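Throughout, a chain's letter reflects where its sequence line sits, starting with A, and its residues are numbered from 1. No experiment lies behind these values; they were computed from the predicted model shown.
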Amino acid sequence: MGMATESQFHVLAVDDSLIDRKLIEKLLKISSFQVTTVDSGTKALEFLGLHEHDQSKPSTLTISPNNHQEVEVNLIITDYCMPGMTGYDLLKKIKESSSLRNIPVVIMSSENVPSRISRCLEEGAEEFFLKPVRLADVNRLRPHMMKTKLKDPIQEKLEKHEDIDDETEKPELQSQEQQEQQQHQQQQQQPQQQQQQSQQQQLSSSNKRKTLEEGLSPDRTRPRYNGIATVV
Amino acid sequence: MDRNHLKRQVDLMKRSLFDQGYLDEQFIQLEELQDDDNPNFVEEIVTLFFNDSARLLQNIEQALVSVPIDFARLDNYMHQFKGSSSSIGAKRVKNECTRFKEYCTAGNAEGCFRTFVQVKQEHAILRTKLETYFQAYISFMCVFVLVIFALTYICLLFCLYLFSWQDKLDHLGLQEVKLDDYMDEGGSLIIDLYYKYDKAHMIE
(Lines give C-alpha, C1' and ligand atoms only; values in the text may rest on other atoms or scores of the structure.)
Protein backbone atom coordinates (compact mmCIF):
# COMPACT_ATOMS: atom_id res chain seq x y z
CA MET A 1 0.00 0.00 0.00
CA GLY A 2 1.17 3.57 -0.59
CA MET A 3 2.54 5.75 2.18
CA ALA A 4 0.26 8.34 3.68
CA THR A 5 0.55 11.72 2.06
CA GLU A 6 0.86 14.80 4.20
CA SER A 7 -2.68 15.83 3.50
CA GLN A 8 -4.21 12.52 4.56
CA PHE A 9 -5.54 12.23 8.08
CA HIS A 10 -4.91 9.17 10.19
CA VAL A 11 -7.74 7.85 12.33
CA LEU A 12 -7.45 5.25 15.05
CA ALA A 13 -10.68 3.27 15.46
CA VAL A 14 -11.28 1.27 18.62
CA ASP A 15 -14.12 -1.26 18.84
CA ASP A 16 -14.42 -4.75 20.26
CA SER A 17 -17.05 -5.81 17.70
CA LEU A 18 -15.62 -7.22 14.48
CA ILE A 19 -18.59 -6.10 12.40
CA ASP A 20 -18.45 -2.56 13.71
CA ARG A 21 -14.69 -2.42 13.15
CA LYS A 22 -15.12 -3.45 9.55
CA LEU A 23 -17.91 -0.95 9.09
CA ILE A 24 -16.10 2.02 10.59
CA GLU A 25 -12.98 1.11 8.65
CA LYS A 26 -14.93 1.18 5.41
CA LEU A 27 -16.66 4.42 6.31
CA LEU A 28 -13.34 6.09 7.07
CA LYS A 29 -11.58 4.72 4.00
CA ILE A 30 -14.36 5.92 1.74
CA SER A 31 -13.88 9.36 3.26
CA SER A 32 -10.19 9.18 2.28
CA PHE A 33 -8.78 8.75 5.75
CA GLN A 34 -5.97 6.46 6.67
CA VAL A 35 -7.33 3.93 9.18
CA THR A 36 -5.92 1.76 11.91
CA THR A 37 -8.32 -0.46 13.85
CA VAL A 38 -7.74 -2.06 17.22
CA ASP A 39 -10.09 -4.13 19.32
CA SER A 40 -9.40 -2.75 22.79
CA GLY A 41 -8.45 0.37 24.71
CA THR A 42 -5.18 -1.13 25.89
CA LYS A 43 -4.14 -1.92 22.33
CA ALA A 44 -5.07 1.61 21.36
CA LEU A 45 -2.81 3.05 24.01
CA GLU A 46 -0.02 0.72 22.93
CA PHE A 47 -0.42 1.91 19.39
CA LEU A 48 -0.30 5.50 20.52
CA GLY A 49 2.95 4.79 22.30
CA LEU A 50 1.76 4.92 25.87
CA HIS A 51 2.70 2.35 28.44
CA GLU A 52 1.91 1.97 32.10
CA HIS A 53 4.86 3.54 33.90
CA ASP A 54 4.44 2.26 37.39
CA GLN A 55 2.02 -0.22 38.87
CA SER A 56 1.74 1.86 42.05
CA LYS A 57 0.80 4.97 40.10
CA PRO A 58 -1.49 3.73 37.35
CA SER A 59 -2.30 7.24 36.24
CA THR A 60 1.29 8.01 35.33
CA LEU A 61 1.98 7.19 31.72
CA THR A 62 5.21 7.50 29.85
CA ILE A 63 5.85 7.58 26.18
CA SER A 64 7.82 4.75 24.72
CA PRO A 65 10.79 6.37 23.02
CA ASN A 66 10.59 3.99 20.10
CA ASN A 67 6.98 4.64 19.21
CA HIS A 68 6.81 8.35 19.87
CA GLN A 69 6.79 10.60 16.81
CA GLU A 70 6.55 7.63 14.44
CA VAL A 71 2.81 7.33 14.66
CA GLU A 72 0.79 10.41 14.01
CA VAL A 73 -2.86 10.04 14.82
CA ASN A 74 -5.19 12.87 13.97
CA LEU A 75 -8.35 11.50 15.56
CA ILE A 76 -9.43 8.65 17.79
CA ILE A 77 -12.90 7.18 17.42
CA THR A 78 -13.86 4.65 20.03
CA ASP A 79 -16.80 2.52 21.08
CA TYR A 80 -18.13 3.22 24.55
CA CYS A 81 -19.03 -0.29 25.72
CA MET A 82 -15.92 -2.42 25.63
CA PRO A 83 -14.76 -5.13 28.02
CA GLY A 84 -11.90 -4.10 30.30
CA MET A 85 -11.19 -0.51 29.39
CA THR A 86 -14.31 1.29 28.26
CA GLY A 87 -14.29 4.11 25.74
CA TYR A 88 -14.73 6.54 28.59
CA ASP A 89 -11.67 5.16 30.40
CA LEU A 90 -9.68 5.46 27.19
CA LEU A 91 -10.85 9.02 26.76
CA LYS A 92 -9.74 9.90 30.28
CA LYS A 93 -6.33 8.34 29.79
CA ILE A 94 -5.81 10.23 26.58
CA LYS A 95 -6.82 13.54 28.09
CA GLU A 96 -4.53 12.93 31.05
CA SER A 97 -1.55 12.37 28.82
CA SER A 98 0.33 15.53 27.90
CA SER A 99 1.37 14.18 24.53
CA LEU A 100 -2.00 12.83 23.44
CA ARG A 101 -4.28 15.39 24.99
CA ASN A 102 -4.60 17.38 21.78
CA ILE A 103 -5.84 14.48 19.71
CA PRO A 104 -9.61 14.83 19.24
CA VAL A 105 -11.60 11.88 20.54
CA VAL A 106 -15.04 10.78 19.36
CA ILE A 107 -17.20 8.28 21.24
CA MET A 108 -19.69 5.90 19.63
CA SER A 109 -22.43 4.03 21.41
CA SER A 110 -25.47 1.99 20.50
CA GLU A 111 -27.36 3.37 23.50
CA ASN A 112 -28.78 6.84 23.73
CA VAL A 113 -28.11 7.69 27.38
CA PRO A 114 -28.01 11.48 27.92
CA SER A 115 -25.99 11.25 31.13
CA ARG A 116 -23.41 9.12 29.35
CA ILE A 117 -23.23 11.58 26.48
CA SER A 118 -22.78 14.62 28.69
CA ARG A 119 -20.20 12.83 30.81
CA CYS A 120 -18.12 12.04 27.73
CA LEU A 121 -18.40 15.56 26.41
CA GLU A 122 -17.39 16.99 29.76
CA GLU A 123 -14.35 14.77 29.79
CA GLY A 124 -13.31 16.29 26.47
CA ALA A 125 -14.84 14.18 23.73
CA GLU A 126 -15.46 16.18 20.59
CA GLU A 127 -18.55 14.31 19.45
CA PHE A 128 -20.78 11.47 20.45
CA PHE A 129 -22.13 9.29 17.66
CA LEU A 130 -25.02 6.91 17.97
CA LYS A 131 -24.57 3.55 16.32
CA PRO A 132 -24.89 2.45 13.65
CA VAL A 133 -22.54 5.16 12.43
CA ARG A 134 -23.27 6.61 9.03
CA LEU A 135 -21.31 8.39 6.36
CA ALA A 136 -22.89 11.70 7.37
CA ASP A 137 -21.41 11.29 10.85
CA VAL A 138 -17.95 10.52 9.49
CA ASN A 139 -18.10 13.64 7.34
CA ARG A 140 -18.28 15.67 10.55
CA LEU A 141 -14.88 14.41 11.67
CA ARG A 142 -12.75 16.37 9.25
CA PRO A 143 -13.18 19.81 10.88
CA HIS A 144 -11.95 18.41 14.20
CA MET A 145 -8.84 17.00 12.58
CA MET A 146 -8.14 20.18 10.68
CA LYS A 147 -8.47 22.14 13.86
CA THR A 148 -5.65 20.10 15.38
CA LYS A 149 -3.43 20.55 12.36
CA LEU A 150 -3.94 24.29 12.42
CA LYS A 151 -3.46 24.57 16.16
CA ASP A 152 0.32 24.20 16.28
CA PRO A 153 1.33 27.02 13.89
CA ILE A 154 -1.20 29.31 15.54
CA GLN A 155 0.14 28.46 18.98
CA GLU A 156 3.63 29.53 17.91
CA LYS A 157 2.30 32.73 16.44
CA LEU A 158 0.39 33.64 19.58
CA GLU A 159 3.32 32.89 21.83
CA LYS A 160 5.45 35.26 19.77
CA HIS A 161 2.67 37.82 19.98
CA GLU A 162 2.68 37.56 23.76
CA ASP A 163 6.45 38.06 23.85
CA ILE A 164 6.08 41.24 21.86
CA ASP A 165 3.32 42.35 24.23
CA ASP A 166 5.64 42.17 27.21
CA GLU A 167 7.94 44.68 25.61
CA THR A 168 5.30 47.35 24.90
CA GLU A 169 4.48 50.33 27.12
CA LYS A 170 2.43 49.93 30.22
CA PRO A 171 -0.89 51.55 29.19
CA GLU A 172 -1.01 49.41 26.10
CA LEU A 173 -0.13 46.41 28.21
CA GLN A 174 -2.90 47.12 30.65
CA SER A 175 -5.53 47.45 27.95
CA GLN A 176 -4.34 44.22 26.36
CA GLU A 177 -4.41 42.49 29.70
CA GLN A 178 -7.94 43.65 30.20
CA GLN A 179 -8.82 42.33 26.76
CA GLU A 180 -7.21 39.01 27.54
CA GLN A 181 -9.06 38.82 30.84
CA GLN A 182 -12.32 39.51 29.11
CA GLN A 183 -11.55 36.93 26.48
CA HIS A 184 -10.56 34.47 29.20
CA GLN A 185 -13.86 35.01 30.98
CA GLN A 186 -15.74 34.66 27.75
CA GLN A 187 -13.82 31.54 26.93
CA GLN A 188 -14.77 30.05 30.29
CA GLN A 189 -18.39 30.96 29.76
CA GLN A 190 -18.52 29.64 26.25
CA PRO A 191 -17.70 25.99 27.02
CA GLN A 192 -20.37 26.01 29.74
CA GLN A 193 -22.83 27.51 27.31
CA GLN A 194 -21.81 25.01 24.70
CA GLN A 195 -22.33 22.14 27.13
CA GLN A 196 -25.71 23.46 28.18
CA GLN A 197 -26.68 24.00 24.59
CA SER A 198 -25.55 20.54 23.61
CA GLN A 199 -27.35 18.94 26.56
CA GLN A 200 -30.53 20.80 25.72
CA GLN A 201 -30.20 19.84 22.12
CA GLN A 202 -29.68 16.22 23.09
CA LEU A 203 -32.67 15.99 25.37
CA SER A 204 -35.07 17.99 23.32
CA SER A 205 -34.08 16.82 19.89
CA SER A 206 -36.20 14.06 18.47
CA ASN A 207 -33.52 13.28 15.97
CA LYS A 208 -31.26 10.73 17.56
CA ARG A 209 -28.32 12.03 15.52
CA LYS A 210 -26.38 14.37 17.72
CA THR A 211 -25.79 17.80 16.30
CA LEU A 212 -23.28 19.89 18.17
CA GLU A 213 -22.27 21.90 15.16
CA GLU A 214 -25.26 24.23 15.32
CA GLY A 215 -24.33 25.32 18.79
CA LEU A 216 -20.60 25.28 18.39
CA SER A 217 -19.61 26.40 14.93
CA PRO A 218 -20.17 30.13 15.39
CA ASP A 219 -18.23 30.03 18.63
CA ARG A 220 -15.54 27.68 17.47
CA THR A 221 -13.13 30.27 16.18
CA ARG A 222 -13.08 32.18 19.46
CA PRO A 223 -12.25 29.34 21.82
CA ARG A 224 -9.64 27.99 19.47
CA TYR A 225 -7.58 31.13 19.70
CA ASN A 226 -8.34 31.98 23.27
CA GLY A 227 -7.80 28.50 24.55
CA ILE A 228 -4.22 28.74 23.39
CA ALA A 229 -3.69 32.29 24.52
CA THR A 230 -4.54 31.38 28.06
CA VAL A 231 -2.22 28.40 28.12
CA VAL A 232 1.04 29.92 29.13
CA MET B 1 -33.86 -10.75 -22.04
CA ASP B 2 -32.64 -13.01 -19.29
CA ARG B 3 -30.61 -10.27 -17.70
CA ASN B 4 -33.60 -8.00 -17.20
CA HIS B 5 -35.58 -10.86 -15.74
CA LEU B 6 -32.81 -11.54 -13.24
CA LYS B 7 -32.49 -7.87 -12.36
CA ARG B 8 -36.20 -7.66 -11.74
CA GLN B 9 -36.01 -10.73 -9.53
CA VAL B 10 -33.19 -9.20 -7.50
CA ASP B 11 -35.04 -5.91 -7.10
CA LEU B 12 -38.25 -7.65 -6.09
CA MET B 13 -36.41 -9.74 -3.51
CA LYS B 14 -34.81 -6.69 -2.02
CA ARG B 15 -38.10 -4.80 -1.92
CA SER B 16 -39.80 -7.69 -0.23
CA LEU B 17 -37.07 -7.89 2.42
CA PHE B 18 -37.65 -4.24 3.23
CA ASP B 19 -41.45 -4.34 3.04
CA GLN B 20 -41.65 -7.31 5.35
CA GLY B 21 -39.39 -5.59 7.85
CA TYR B 22 -36.45 -7.95 7.65
CA LEU B 23 -34.09 -5.15 6.71
CA ASP B 24 -33.96 -1.46 7.48
CA GLU B 25 -32.19 1.61 6.18
CA GLN B 26 -28.82 0.55 7.54
CA PHE B 27 -28.68 -2.11 4.81
CA ILE B 28 -29.00 0.64 2.22
CA GLN B 29 -26.17 2.50 3.95
CA LEU B 30 -24.02 -0.62 3.52
CA GLU B 31 -24.87 -0.81 -0.16
CA GLU B 32 -23.83 2.80 -0.58
CA LEU B 33 -20.42 1.92 0.82
CA GLN B 34 -19.88 -0.64 -1.93
CA ASP B 35 -17.51 0.61 -4.59
CA ASP B 36 -15.01 -0.66 -7.15
CA ASP B 37 -12.39 -1.31 -4.48
CA ASN B 38 -14.84 -3.46 -2.55
CA PRO B 39 -17.55 -4.64 -4.93
CA ASN B 40 -18.71 -7.39 -2.55
CA PHE B 41 -18.63 -5.37 0.64
CA VAL B 42 -22.22 -6.01 1.63
CA GLU B 43 -21.97 -9.74 1.11
CA GLU B 44 -18.66 -9.83 3.00
CA ILE B 45 -19.96 -7.99 6.01
CA VAL B 46 -23.18 -10.01 6.09
CA THR B 47 -21.19 -13.24 5.95
CA LEU B 48 -19.00 -11.92 8.74
CA PHE B 49 -22.10 -11.17 10.77
CA PHE B 50 -23.57 -14.65 10.42
CA ASN B 51 -20.29 -16.30 11.34
CA ASP B 52 -19.71 -14.02 14.29
CA SER B 53 -23.30 -14.16 15.51
CA ALA B 54 -23.37 -17.97 15.47
CA ARG B 55 -20.69 -17.85 18.14
CA LEU B 56 -22.61 -15.28 20.19
CA LEU B 57 -25.83 -17.26 19.96
CA GLN B 58 -24.00 -20.29 21.28
CA ASN B 59 -22.70 -18.28 24.23
CA ILE B 60 -26.19 -17.02 24.99
CA GLU B 61 -27.62 -20.52 24.81
CA GLN B 62 -25.00 -21.81 27.23
CA ALA B 63 -25.62 -18.93 29.60
CA LEU B 64 -29.35 -19.63 29.50
CA VAL B 65 -29.00 -23.27 30.52
CA SER B 66 -26.48 -22.61 33.26
CA VAL B 67 -27.73 -22.67 36.83
CA PRO B 68 -28.09 -20.09 38.23
CA ILE B 69 -28.57 -17.83 35.25
CA ASP B 70 -26.11 -14.96 35.14
CA PHE B 71 -28.38 -12.22 33.76
CA ALA B 72 -25.61 -9.67 33.59
CA ARG B 73 -23.56 -11.93 31.39
CA LEU B 74 -26.61 -12.71 29.26
CA ASP B 75 -27.28 -9.04 28.84
CA ASN B 76 -23.69 -8.46 27.82
CA TYR B 77 -23.80 -11.16 25.12
CA MET B 78 -27.14 -9.98 23.85
CA HIS B 79 -25.88 -6.40 23.76
CA GLN B 80 -23.07 -7.46 21.43
CA PHE B 81 -25.42 -9.50 19.27
CA LYS B 82 -27.94 -6.69 19.06
CA GLY B 83 -25.21 -4.23 18.14
CA SER B 84 -24.01 -6.37 15.25
CA SER B 85 -27.54 -6.98 14.01
CA SER B 86 -28.19 -3.28 14.07
CA SER B 87 -25.01 -2.58 12.13
CA ILE B 88 -26.10 -4.68 9.18
CA GLY B 89 -29.71 -3.52 9.23
CA ALA B 90 -31.26 -6.75 10.52
CA LYS B 91 -34.44 -5.08 11.74
CA ARG B 92 -36.51 -8.03 12.93
CA VAL B 93 -33.57 -9.67 14.64
CA LYS B 94 -32.76 -6.41 16.40
CA ASN B 95 -36.33 -6.03 17.63
CA GLU B 96 -36.34 -9.53 19.10
CA CYS B 97 -33.06 -8.69 20.81
CA THR B 98 -34.67 -5.65 22.40
CA ARG B 99 -37.48 -7.79 23.75
CA PHE B 100 -34.97 -10.29 25.10
CA LYS B 101 -33.05 -7.55 26.86
CA GLU B 102 -36.23 -6.36 28.55
CA TYR B 103 -36.86 -9.81 30.01
CA CYS B 104 -33.20 -10.11 30.92
CA THR B 105 -33.20 -6.82 32.81
CA ALA B 106 -36.33 -7.95 34.65
CA GLY B 107 -34.64 -11.23 35.54
CA ASN B 108 -37.40 -13.16 33.81
CA ALA B 109 -35.82 -16.45 32.78
CA GLU B 110 -38.88 -17.86 31.10
CA GLY B 111 -39.34 -14.69 29.07
CA CYS B 112 -35.71 -14.91 28.03
CA PHE B 113 -36.12 -18.50 26.88
CA ARG B 114 -39.19 -17.73 24.82
CA THR B 115 -37.70 -14.64 23.23
CA PHE B 116 -34.45 -16.41 22.50
CA VAL B 117 -36.33 -18.95 20.39
CA GLN B 118 -37.71 -16.00 18.41
CA VAL B 119 -34.27 -14.48 18.08
CA LYS B 120 -32.81 -17.68 16.68
CA GLN B 121 -35.75 -18.09 14.33
CA GLU B 122 -35.49 -14.59 12.89
CA HIS B 123 -31.76 -15.01 12.59
CA ALA B 124 -32.18 -18.26 10.61
CA ILE B 125 -34.90 -16.82 8.37
CA LEU B 126 -32.81 -13.76 7.57
CA ARG B 127 -29.81 -15.92 6.81
CA THR B 128 -31.75 -17.98 4.26
CA LYS B 129 -33.33 -14.95 2.66
CA LEU B 130 -30.06 -13.09 2.34
CA GLU B 131 -28.27 -16.15 0.96
CA THR B 132 -30.94 -16.42 -1.73
CA TYR B 133 -30.72 -12.70 -2.40
CA PHE B 134 -26.95 -12.73 -2.82
CA GLN B 135 -27.09 -15.80 -5.05
CA ALA B 136 -29.58 -14.07 -7.34
CA TYR B 137 -27.55 -10.88 -7.19
CA ILE B 138 -24.35 -12.73 -8.12
CA SER B 139 -26.10 -14.58 -10.94
CA PHE B 140 -27.37 -11.29 -12.25
CA MET B 141 -23.91 -9.73 -12.00
CA CYS B 142 -22.34 -12.70 -13.77
CA VAL B 143 -24.84 -12.57 -16.58
CA PHE B 144 -24.42 -8.82 -16.71
CA VAL B 145 -20.66 -9.11 -17.01
CA LEU B 146 -20.96 -11.88 -19.58
CA VAL B 147 -23.32 -9.81 -21.68
CA ILE B 148 -20.94 -6.85 -21.55
CA PHE B 149 -18.10 -9.07 -22.67
CA ALA B 150 -20.21 -10.56 -25.44
CA LEU B 151 -21.23 -7.14 -26.70
CA THR B 152 -17.63 -5.93 -26.62
CA TYR B 153 -16.55 -9.00 -28.53
CA ILE B 154 -19.23 -8.50 -31.16
CA CYS B 155 -18.22 -4.85 -31.56
CA LEU B 156 -14.63 -5.90 -32.05
CA LEU B 157 -15.60 -8.41 -34.70
CA PHE B 158 -17.69 -5.80 -36.45
CA CYS B 159 -14.81 -3.37 -36.47
CA LEU B 160 -12.52 -6.00 -37.92
CA TYR B 161 -15.11 -6.77 -40.56
CA LEU B 162 -15.26 -3.09 -41.45
CA PHE B 163 -11.49 -2.83 -41.68
CA SER B 164 -11.38 -5.85 -43.92
CA TRP B 165 -13.91 -4.13 -46.18
CA GLN B 166 -11.70 -1.06 -46.13
CA ASP B 167 -8.84 -3.13 -47.48
CA LYS B 168 -11.00 -4.64 -50.18
CA LEU B 169 -12.28 -1.27 -51.25
CA ASP B 170 -8.81 0.27 -51.30
CA HIS B 171 -7.81 -2.65 -53.43
CA LEU B 172 -10.73 -1.92 -55.68
CA GLY B 173 -9.77 1.72 -55.79
CA LEU B 174 -6.39 0.87 -57.32
CA GLN B 175 -8.19 -0.99 -60.00
CA GLU B 176 -10.55 1.84 -60.81
CA VAL B 177 -9.00 2.35 -64.21
CA LYS B 178 -9.75 -1.23 -65.08
CA LEU B 179 -13.37 -0.97 -64.08
CA ASP B 180 -14.36 -0.24 -67.64
CA ASP B 181 -13.49 -3.84 -68.38
CA TYR B 182 -16.17 -4.93 -65.98
CA MET B 183 -18.74 -2.50 -67.11
CA ASP B 184 -21.87 -3.73 -68.66
CA GLU B 185 -25.12 -1.92 -69.40
CA GLY B 186 -25.65 -1.17 -65.74
CA GLY B 187 -21.95 -0.74 -65.15
CA SER B 188 -21.90 3.05 -65.04
CA LEU B 189 -24.85 3.02 -62.76
CA ILE B 190 -23.04 0.68 -60.44
CA ILE B 191 -20.05 3.04 -60.34
CA ASP B 192 -22.30 5.93 -59.43
CA LEU B 193 -23.92 3.92 -56.76
CA TYR B 194 -20.53 2.89 -55.43
CA TYR B 195 -19.50 6.46 -54.82
CA LYS B 196 -22.81 7.43 -53.31
CA TYR B 197 -23.37 4.62 -50.86
CA ASP B 198 -21.55 4.12 -47.57
CA LYS B 199 -19.02 1.32 -47.83
CA ALA B 200 -20.78 -0.64 -45.16
CA HIS B 201 -23.76 -0.90 -47.46
CA MET B 202 -21.81 -2.49 -50.29
CA ILE B 203 -23.16 -5.84 -51.17
CA GLU B 204 -20.79 -8.30 -52.75
Side-chain angles (χ1 to χ4, degrees), chain A residues 1-2 8 11 13-35 37 39-41 77-89 107-113 116 128-141 206-209, chain B residues 23-57 59 70 72-73 75-91 93-95 97-98 100-102 104-105 123 126-127 130:
Chain A
M1 286 290 151
Q8 211 179 19
V11 179
V14 191
D15 200 320
D16 60 323
S17 158
L18 181 57
I19 313 290
D20 289 341
R21 265 205 309 281
K22 193 158 169 78
L23 185 57
I24 195 74
E25 183 186 27
K26 184 70 187 169
L27 283 166
L28 290 166
K29 279 194 174 154
I30 272 213
S31 308
S32 310
F33 297 128
Q34 199 194 342
V35 190
T37 57
D39 63 1
S40 71
I77 181 162
T78 175
D79 187 22
Y80 185 91
C81 290
M82 291 191 293
M85 188 187 289
T86 68
Y88 181 72
D89 298 331
I107 312 274
M108 313 180 271
S109 177
S110 50
E111 288 164 325
N112 188 357
V113 181
R116 181 186 289 185
F128 192 101
F129 291 158
L130 284 170
K131 283 180 163 184
V133 180
R134 299 181 177 189
L135 206 53
D137 298 321
V138 174
N139 289 337
R140 302 214 315 246
L141 295 177
S206 57
N207 182 10
K208 70 169 186 168
R209 296 283 153 210
Chain B
L23 296 174
D24 63 24
E25 222 228 273
Q26 179 59 18
F27 193 80
I28 299 175
Q29 291 283 318
L30 293 181
E31 288 186 318
E32 282 177 10
L33 293 177
Q34 210 154 250
D35 58 8
D36 293 334
D37 291 339
N38 244 151
N40 298 321
F41 175 70
V42 185
E43 203 200 339
E44 279 172 23
I45 204 171
V46 166
T47 311
L48 205 63
F49 166 73
F50 282 113
N51 291 339
D52 192 48
S53 57
R55 176 188 58 91
L56 278 169
L57 286 174
N59 289 341
D70 186 348
R73 206 146 153 248
D75 188 67
N76 191 16
Y77 285 139
M78 187 45 87
H79 178 80
Q80 292 177 46
F81 181 73
K82 184 182 166 191
S84 306
S85 310
S86 169
S87 292
I88 67 151
K91 190 172 169 186
V93 176
K94 185 182 72 169
N95 290 341
C97 290
T98 310
F100 181 96
K101 285 190 95 184
E102 283 167 10
C104 198
T105 316
H123 182 257
L126 182 66
R127 186 181 208 147
L130 282 176

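Between B/L130 and B/L23, the closest side-chain pair of non-hydrogen atoms falls below 4.5 Å. Within the 4.5 Å cutoff, no side-chain heavy atoms of B/F49 are placed close to those of A/L18.
Under the side chain to side chain donor-acceptor pair (under 3.5 Å) criterion, A/S109 pairs with A/R116, sequence neighbours left out. Remark: B/K91 engages no residue in a side chain to side chain donor-acceptor pair (under 3.5 Å) (not counting sequence neighbours). B/N76 is linked by a side-chain contact (heavy atoms from CB on, under 4.5 Å) to B/Q80, counting only residues two or more places apart in sequence or in another chain.
Chain B forms more heavy-atom pairs under 4.5 Å with one residue of A/K26, A/K29, A/E111 than with any other, namely A/K26.
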Take B/E32 and A/R134 through the test salt bridge (charged side-chain N to carboxylate O under 4.0 Å, His left out) and record every step on the way to the result. CA-CA 10 Å; B/E32 282 177 10; A/R134 299 181 177 189; over 6 Å; no
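Taking 4.5 Å as the heavy-atom cut-off, the residues of residues 37-47 of chain B that approach chain A are B/N38, B/F41, B/E44, B/I45, ordered by number.
Rounding to the nearest 0.5 Å places CG of A/D20 at 9.5 Å from CG of B/D52.
Interface remark: A/L135 contributes backbone and side-chain atoms alike to the contact with chain B (heavy atom separation under 4.5 Å).
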